[in-house]
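These notes are about the structure you will find just below.
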Amino acid sequence: MKIFGIESSCDETSCSIVEDGKRILAHTIFSQAALHQQFGGVFPEYASREHVEKMLPCVEKTLQEAYCTLDMLDAIAVAYTPGLMGSLLMGVVCAQTLSYALNLPLIGVNHIEAHLYAAMMGNEKRFPALGIVLSGGHTFLVSIDAIGSYELISTTVDDAIGESFDKVASMLDLPYPGGPHIELLAQRGNPQAYPFKAGTVKNLPLHFSFSGLKTNVLYTIQKISPLTEEVKGDIAASFQRAAFDDLCKKIGLALHSGQYQAIYCGGGVTMNTALREQLASTFSNIPCYFPSKNLSLDNAAMIAGLAYHKPATPIELLTPNPRALKTLVK
Ligand code: KG4
Ligand code: ZN
């Protein structure tokens, strides 16, 4: 079964054709990162306009790459939540149009669920599993009983982890998106140079809080002059160490409270090699799965892949929904 997937929830226009939920026949990603760099973050109105420009070239390139014609497709899938309203709308309208014109089933997919599925694509699926979402907009732990059955364990009470990487990067005058730049800079720094710590939430030991950590980094930077490259490296490394140690601590607590067979980690922050190494070595007694790097950031292959496991959505009921968690977890 060949599913054509569309992803446009934020600043990537992406299309993909995936067979039977796992075999990627074609995958196109047009990133808008360069456009938004001048603003230090995603400018929503520009993002939607850019999706309008790139959507049809993206559809065409993907069909060509897969040597597919439209009549060879079996269904259309699209990320309809969460994300920027205008951006989601572009993907949803394109998917509805293709579905209507080709008389194909339409499948609406939760983009965050797809980040978790990206860690399952091509890997063994073992349940119950602990799911960890680490993206620019979300940070949470879920218990996974099966694809589509999730129970929320904990979430961030303020910033998402990717967001805090982006904000600290901007304090260090690094370009958007900041995560990869912090990772690179951290490789040259001393992770123990500054005693940064992520927050704890009263009576909720598994919940996350990154806004205090971010403010602590800001106040530290304000006191330092000159901010040399060496100092920046130490700050990046200390911040990253604090964020990842906190994740490991809370994942450890979650693992103790359930009988999990595997860990699946998804979302853009899983691009970080230091994180992958730290999780794999800290939790060496349980299989820990990550998406392949081309599936870590926002992409349509994970959308088309997950759609294979989902029922069709009536075309008139599929509307963009900027909120995620309520549509995903019990
Ligand atoms: O999942 P994603 O592509 O988009 C959302 O759904 O939010 O995640 C984007 C986030 C950004 O905050 C970006 O800075 C972060 O992932 N990120 C990283 C790395 N690469 C991307 N964070 C840490 N280290 C990286 N190498
Ligand atoms: Zn995402």
Side-chain angles (χ1 to χ4, degrees), residues 5-14 16 29-33 36-37 39-42 44 47 78-84 87-88 91 109-119 131-140 155-156 159-172 174-187 189 191 198 208 210 213-214 236-237 239-244 246-247 264-279 290-303 305-306 322-325 327-328:
I6 300 174
E7 150 67 41
S8 70
S9 60
C10 189
D11 59 342
E12 264 100 18
T13 318
S14 177
S16 179
I29 304 178
F30 291 138
S31 170
Q32 303 177 4
H36 298 289
Q37 246 169 35
F39 308 110
V42 178
V78 64
Y80 77 97
T81 183
L84 300 170
S87 291
L88 287 169
V109 169
N110 183 308
H111 156 107
I112 294 294
E113 182 181 4
H115 271 309
L116 282 176
Y117 184 74
I132 307 169
V133 172
L134 304 168
S135 76
H138 292 84
T139 302
F140 59 83
T155 179
T156 176
D159 293 351
I161 185 165
E163 190 183 352
S164 68
F165 267 80
D166 294 335
K167 286 179 179 160
V168 168
S170 132
M171 293 171 202
L172 294 172
L174 298 168
Y176 169 84
H181 299 282
I182 295 277
E183 176 178 10
L184 210 61
L185 199 56
Q187 287 164 3
F208 300 96
F210 295 107
L213 168 63
K214 177 192 70 187
F239 159 75
Q240 184 173 278
R241 187 246 333 123
F244 292 168
D246 182 67
L247 272 182
Y264 294 99
C265 301
V269 180
T270 65
M271 282 295 275
N272 192 298
T273 304
L275 171 72
R276 288 180 179 229
E277 287 171 358
Q278 189 169 342
L279 288 180
F290 298 95
S292 59
K293 288 216 167 171
N294 62 333
L295 301 182
S296 282
L297 297 169
D298 292 346
N299 70 87
M302 64 183 190
I303 305 296
L306 176 59
R323 309 251 164 264
L325 270 179
T327 62
L328 178 64

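Positions are given from 1, in the same order as the sequence printed here. Counting convention: from 1, in listed order, for ligands and their atoms alike.
Rounded to the nearest 0.5 angstrom, H115 NE2 and N299 CG are separated by 7.5 Å.
At a heavy-atom cutoff of 4.0 Å, ligand 1 is contacted by no atom of H138, backbone or side chain.
In terms of protein heavy atoms, atom 22 (N) of ligand 1 is closest to G179 CA, 3.4 Å. Atom 10 (C) of ligand 1 has its closest protein heavy atom at G136 N, 3.6 Å. Of the protein's non-hydrogen atoms, E183 OE1, 2.7 Å is the one closest to atom 26 (N) of ligand 1.
With sequence neighbours excluded, the residues satisfying side chain to side chain contact (heavy atoms under 4.5 Å, CB included) with P82 are N110, H111, I112, H138, A324. For F165, the ring pair (Phe, Tyr, Trp, His ring centres under 6.0 Å) criterion is met by F239, F244, not counting sequence neighbours. In terms of the side chain to side chain contact (heavy atoms under 4.5 Å, CB included) criterion, residue partners of E163 (sequence neighbours excluded) are, by chain and number, D159, A160, K167.
Of the candidates T273, D166, I182, the one placing a heavy atom closest to atom 13 (C) of ligand 1 is D166.
Nearest heavy atom pair, residue P291 against residue T270, reads CD-OG1, 3.8 Å.
Heavy-atom contacts of H111 reach the following atoms of ligand 1: 6 (O) (cutoff under 4.0 Å).
Under the 4.5 Å side-chain criterion, counting only non-hydrogen atoms from C-beta, N272 is not in contact with Q278.
Protein-derived N/O/S atoms nearer than 2.8 Å to the Zn ion (ligand 2) total 3, waters excluded.
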